[in-house]
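Encoded as structure tokens, the structure appears first; notes follow it.
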Amino acid sequence: MALFGLFGKRDKGYASSWLHLTVVYATAGEGLEPEQTFALRGRILAANPISFEFVNADSFLVFYAGTPEGLASAGLLLEALYEVAKEKAIPAFGVAIQQGECLAQMNGKGRFAAKPMGGLISQTRNSAIKAAAAKAA
């Protein structure tokens with residue numbers, strides 16, 4: 001689906017698809033070894049998010065429903081990721097969670113039709129980077 005497909009069809013007035021989501025961003029300020037990456041990825045998959053992706057070699061972006069249950073699941077994931085960071089000796093690791101509106105659209109199978117986007121994701125990323133930098137200092 002093209003980016004502009006997120007905005008609807010001309011006959012419907014290009015209505016945007018804003019979904020209430022819980023966004024988790026996890027990042028390692030000093031990079032990750034493959035073993036560390038796989039351990040973090042395993043915990044994310046076990047936490048059963050709506051979707052997740054590698055943002056780059058040392059960061060993950062995870063999405064849950066924008067509900068109290070989604071926020072609770074994100075909190076449990078945060079604890080699990082910090083546990084892995086401690087076990088695998090990841091020194092500068094930061095995680096941030098925020099809930100809010102993202103431009104996104106779900107398909108009939110409950111998956112994102114296109115990558116969610118919006119200011120909430122940027123804010124969450126910035127918070128996680130600051131958390132990682134604080135641990136590195």
Side-chain angles (χ1 to χ4, degrees):
M1 170 188 289
L3 171 65
F4 295 107
L6 286 173
F7 297 105
K9 299 187 184 228
R10 183 182 300 211
D11 60 344
K12 294 184 181 180
Y14 293 100
S16 63
S17 301
W18 291 92
L19 296 178
H20 196 71
L21 297 172
T22 302
V23 177
V24 179
Y25 195 96
T27 188
E30 298 178 7
L32 294 171
E33 297 294 323
E35 178 184 337
Q36 295 168 326
T37 302
F38 289 123
L40 291 168
R41 179 181 164 266
R43 288 289 174 103
I44 291 169
L45 289 172
N48 200 25
I50 292 174
S51 178
F52 89 95
E53 63 184 69
F54 290 103
V55 178
N56 55 40
D58 60 2
S59 300
F60 296 89
L61 182 59
V62 184
F63 296 96
Y64 288 97
T67 61
E69 294 82 14
L71 189 58
S73 295
L76 293 173
L77 175 61
L78 177 139
E79 292 173 12
L81 292 176
Y82 276 125
E83 183 179 301
V84 170
K86 185 176 179 180
E87 290 171 4
K88 299 295 182 182
I90 304 171
F93 188 71
V95 181
I97 301 171
Q98 291 191 23
Q99 262 190 340
E101 301 290 318
C102 292
L103 183 60
Q105 188 175 33
M106 304 293 273
N107 64 22
K109 295 180 181 179
R111 302 276 184 208
F112 291 121
K115 179 181 171 182
M117 61 181 90
L120 180 69
I121 296 169
S122 297
Q123 292 168 3
T124 309
R125 180 191 69 232
N126 292 341
S127 295
I129 291 169
K130 285 179 186 174
K135 292 190 180 201

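One is the number of the first residue; the rest follow in order along the sequence.
- For Glu101, there are no salt bridge (charged side-chain N to carboxylate O under 4.0 Å, His left out) partners, not counting sequence neighbours.
- No chain of hydrophobic side-chain contacts below 4.5 Å, direct or via other Ile, Leu, Val, Met, Phe, Trp or Tyr residues, connects Leu76 to Leu71.
- The side chain to side chain contact (heavy atoms under 4.5 Å, CB included) test with Phe52 singles out one residue from Leu45, Leu61, Leu77, and that residue is Leu45.
- Put simply, Val84 and Val62 are part of the same group of oily side chains (I, L, V, M, F, W, Y) that touch within less than 4.5 Å, one to the next.
- Heavy-atom minimum distance, Ala131 versus Gly94: CB-CA, 3.9 Å.
- Residues meeting the salt bridge (charged side-chain N to carboxylate O under 4.0 Å, His left out) test with Glu35, sequence neighbours left out: Lys88.
- Within 6.0 Å of CZ on Phe38 lie no more than 12 heavy atoms contributed by other residues, nucleotides or ligands.
- When all heavy atoms of Ala89 and Gln36 are compared, the pair lying nearest together is O-NE2, 3.6 Å.
- In terms of heavy atoms, Ile97 sits closest to Ala74 at CD1-O, 3.4 Å.
- Here the side chains of Asn48 and Ser73 are not in contact, with every heavy-atom distance at 4.5 Å or above.
- In this structure, Glu33 has no salt bridge (charged side-chain N to carboxylate O under 4.0 Å, His left out) partners at least two apart in sequence or on a different chain.
- For Thr22 against Ala65, the heavy-atom pair with the smallest separation is OG1-O, 2.8 Å.
- Side-chain contact between Thr124 and Val24 is absent, with no heavy-atom pair separated by less than 4.5 Å.
- Here Ser59 contributes atom OG and Phe93 contributes atom CZ; the two are 8.5 Å apart, rounded to the nearest 0.5 Å.
- Using a 4.5 Å heavy-atom threshold, the side chains of Trp18 and Leu103 count as touching.
- When side chains are defined from C-beta on, Val55 does not count as touching Arg125, because their heavy atoms never get closer than 4.5 Å.
- Atom CE in Met106 sits 7.5 Å away from atom CG in Leu21 (nearest 0.5 Å).
- Leu32 and Ala57 make their closest contact through CD1-O, 4.1 Å (heavy atoms, listed as atom of the first residue, atom of the second, distance).
- Under the 4.5 Å side-chain heavy-atom criterion for grouping Ile, Leu, Val, Met, Phe, Trp and Tyr, Val23 is not connected to Leu40 through any hydrophobic cluster.
- In this structure, the side chains of Gln123 and Leu120 come closer than 4.5 Å at one or more pairs of heavy atoms.
- Shortest non-hydrogen contact noted between Ile44 and Leu81 is CG1-CD2, 4.0 Å.
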Ring pair (Phe, Tyr, Trp, His ring centres under 6.0 Å) for Phe60 and Tyr25? Distances and angles first, verdict last.
CA-CA 6 Å; Phe60 296 89; Tyr25 195 96; 9.2 Å; no
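- Taking hydrophobic clusters as Ile, Leu, Val, Met, Phe, Trp and Tyr residues chained together by side-chain heavy-atom distances below 4.5 Å, Ile121 does not share a cluster with Val95.
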Is there a side chain to side chain contact (heavy atoms under 4.5 Å, CB included) between Phe63 and Leu19? Walk through the geometry before answering.
CA-CA 11 Å; Phe63 296 96; Leu19 296 178; over 6 Å; no
